[in-house]
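Everything below concerns the one structure shown next.
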Amino acid sequence: MNWGNKICLGTAQFGNIYGITNKNKNELDVKEIKKFLILLKKNKIVFIDTALSYKNVDKKLKKTKINLDKFEIITKIPKPKSNEKFYKKKILKKILQSKRTLKIKSFHSILIHNCQDLNTKQAKLIRNTLIELKDKKLTKKIGLSVYNTKDLNFMFKFFIPDLIQVPHNVFDTRFMQGKILNKIFKYNIELHVRSVFLQGLLLIDIKNMNLKFNKWKKLFEKWDLYCKKNKTSKLEATINLAMRNKKIKKIVVGFSNIDEFIEFLKIRAKNKLTVPKFLTDNKKNIDKLINPYHWKT
């Protein structure tokens, strides 16, 4: 298994304090971000995932003085504001600015940050903006970040993307169902997955879990037991189960500090791991668990 070919480093933590289990009180500084990039090169990991909305990430990456043109960078664009007149012009300007800051020839992919933006009156404007960015050779591919399977229905009404990012982890296999996968691959769409750690919930000790997740305590206990029986850490099990899925082209993973990333790079393939049966038997009543949007309520 070639880890580098399948890993994409997420940078949400570079500009914000991200994830429900992230105990860091400060954003990552340029010095630590440089360590990430050095380790990426050393381990032949070339994909980096970012977004225009990630605060100061472009500037921090530039300040590392690492040659970013050797990497394949994915970015995301926000939706227009209500009745925004010059959206296309604004996005073009921001993408050009990001490209100059990063000193890259072009992006690997530019995505709509939330597929649900296409379920608005501005859908055609967003789509046409993406297409123009590709026509101007500012990106090799265009696509969307998708949050639920229903998004796919109105996505296909507007255009066929080159690439989509979807949530996927041991508790959330919605996009790996036969009919959905068939629809994705019918149009030769490249599939990337994110949220493989479920913002860290799949990695922490149950004793340290927020009380709001007590409703699913038995499910987490079964997850604990599965890892113990297979003599594997939660980190190893989580990433291996995603790695072994041949349908997945890239796995976007983020870390709150360099030590977490170093620990991640020590993972070895465990080919005998199979998807836990208790997960396939527990599809009901976990919608609010697998969707972080509901965690605030």
Side-chain angles (χ1 to χ4, degrees), residues 3 7-29 32-33 35-36 39 49 54-55 147-148 166-174 193-244 251-270 273-297:
W3 287 86
I7 294 299
C8 175
L9 180 69
T11 63
Q13 290 91 336
F14 287 7
N16 300 279
I17 299 171
Y18 176 82
I20 196 167
T21 63
N22 191 347
K23 296 179 181 179
N24 279 3
K25 294 182 179 180
N26 301 307
E27 301 168 5
L28 295 181
D29 60 22
E32 190 154 21
I33 290 172
K35 292 178 183 178
F36 273 93
L39 282 174
D49 177 80
Y54 293 171
K55 184 182 176 183
Y147 288 82
N148 62 70
V166 304
H168 174 71
N169 54 66
V170 292
F171 287 180
D172 184 4
T173 58
R174 290 170 293 169
V193 300
R194 62 176 190 278
S195 196
V196 291
F197 305 137
L198 197 55
Q199 291 197 20
L201 277 181
L202 291 168
L203 307 181
I204 65 173
D205 192 313
I206 293 177
K207 290 181 281 188
N208 299 326
M209 193 171 290
N210 192 301
L211 292 176
K212 70 169 69 179
F213 299 106
N214 271 356
K215 180 179 178 180
W216 300 284
K217 187 175 180 180
K218 288 184 178 180
L219 187 61
F220 283 103
E221 286 174 345
K222 288 180 179 180
W223 170 235
D224 273 8
L225 185 60
Y226 167 86
C227 293
K228 288 174 183 176
K229 282 184 175 180
N230 284 279
K231 297 179 181 179
T232 181
S233 70
K234 292 179 181 179
L235 179 62
E236 283 181 323
T238 303
I239 200 65
N240 268 289
L241 287 169
M243 278 283 186
R244 68 187 294 276
I251 302 168
V252 182
V253 286
F255 306 91
S256 58
N257 57 64
I258 194 66
D259 291 333
E260 287 181 356
F261 187 42
I262 291 170
E263 188 64 27
F264 171 82
L265 292 172
K266 294 176 183 177
I267 293 174
R268 295 293 178 266
K270 291 183 180 292
L273 282 182
T274 57
V275 177
K277 188 176 186 301
F278 74 84
L279 293 175
T280 59
D281 291 341
N282 281 273
K283 294 300 181 185
K284 295 180 180 179
N285 304 318
I286 64 168
D287 286 348
K288 289 187 177 181
L289 171 62
I290 61 178
N291 190 344
Y293 175 81
H294 295 297
W295 295 355
K296 297 175 183 178
T297 59

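The basis for the numbers below is simple: all heavy atoms, side chains too, and nothing from hydrogens, waters or symmetry mates. In this chain, numbering begins with 1 at the start of the sequence shown.
- Interatomic distance, CE of Met209 versus CD1 of Ile204, reported as 4.5 Å (0.5 Å rounding).
- Taken from CD1 in Ile206 to CD in Glu221, the straight-line distance is 5.0 Å, to the nearest 0.5 Å.
- Listed by chain and number, the residues in a ring-ring contact (aromatic ring centres under 6.0 Å, His included) with Phe261 are Phe36, Phe255 (sequence neighbours excluded).
- The distance from atom CD1 of Ile7 to atom CD1 of Ile267, rounded to the nearest 0.5 Å, is 8.0 Å.
- The two residues Asn169 and Ser195 come nearest to each other via the heavy atoms ND2-O, 2.9 Å.
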- Message: Let's go through Leu289 and Leu219 carefully: what are the C-alpha distance in whole Å and the side-chain angles of both, what is the deciding distance for side chain to side chain contact (heavy atoms under 4.5 Å, CB included) to 0.1 Å, and is it a yes or a no?
- Response: CA-CA 11 Å; Leu289 171 62; Leu219 187 61; 4.0 Å; yes
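- In this structure, the separation between CG on Asp205 and CZ on Phe220 is 12.0 Å, given to the nearest 0.5 Å.
- Taking all atoms of both residues into account, the shortest heavy-atom contact from Lys234 to Leu202 is CD-O, 3.2 Å.
- Taking the six-membered ring for Trp and the full ring otherwise, Trp223 and Tyr226 have centroids separated by under 6.0 Å.
- Without hydrogens or angle criteria, Asn291 side chain to Asp287 main chain gives no donor-acceptor distance under 3.5 Å.
- Counting only distance, with no hydrogens or angles, the side chain of Thr11 and the backbone of Asp49 share a donor-acceptor pair below 3.5 Å.
- At least one donor-acceptor pair under 3.5 Å links the side chain of Asp29 to the backbone N or O of Glu32.
- With a 4.5 Å cut-off on side-chain heavy atoms, Arg194 and Pro167 count as touching.
- Panel note: side chain Glu236, backbone Thr232; no donor-acceptor pair is recorded below 3.5 Å.
- In this structure, NZ on Lys288 lies 13.5 Å from CD1 on Ile286, to the nearest 0.5 angstrom.
- By the 6.0 Å and 45° rule, Arg174 does not stack over the aromatic ring of Tyr147.
- The shortest non-hydrogen separation linking Leu241 to Val170 is CD1-CG1, 3.2 Å.
- To the nearest 0.5 angstrom, Phe171 atom CZ is 10.5 Å from Ile290 atom CD1.
- A 4.5 Å side-chain heavy-atom check between Asp172 and Leu198 finds every atom pair outside the cut-off.
- Annotation for Ala237 and Cys227: closest pair CB-SG, 3.9 Å, computed over non-hydrogen atoms.
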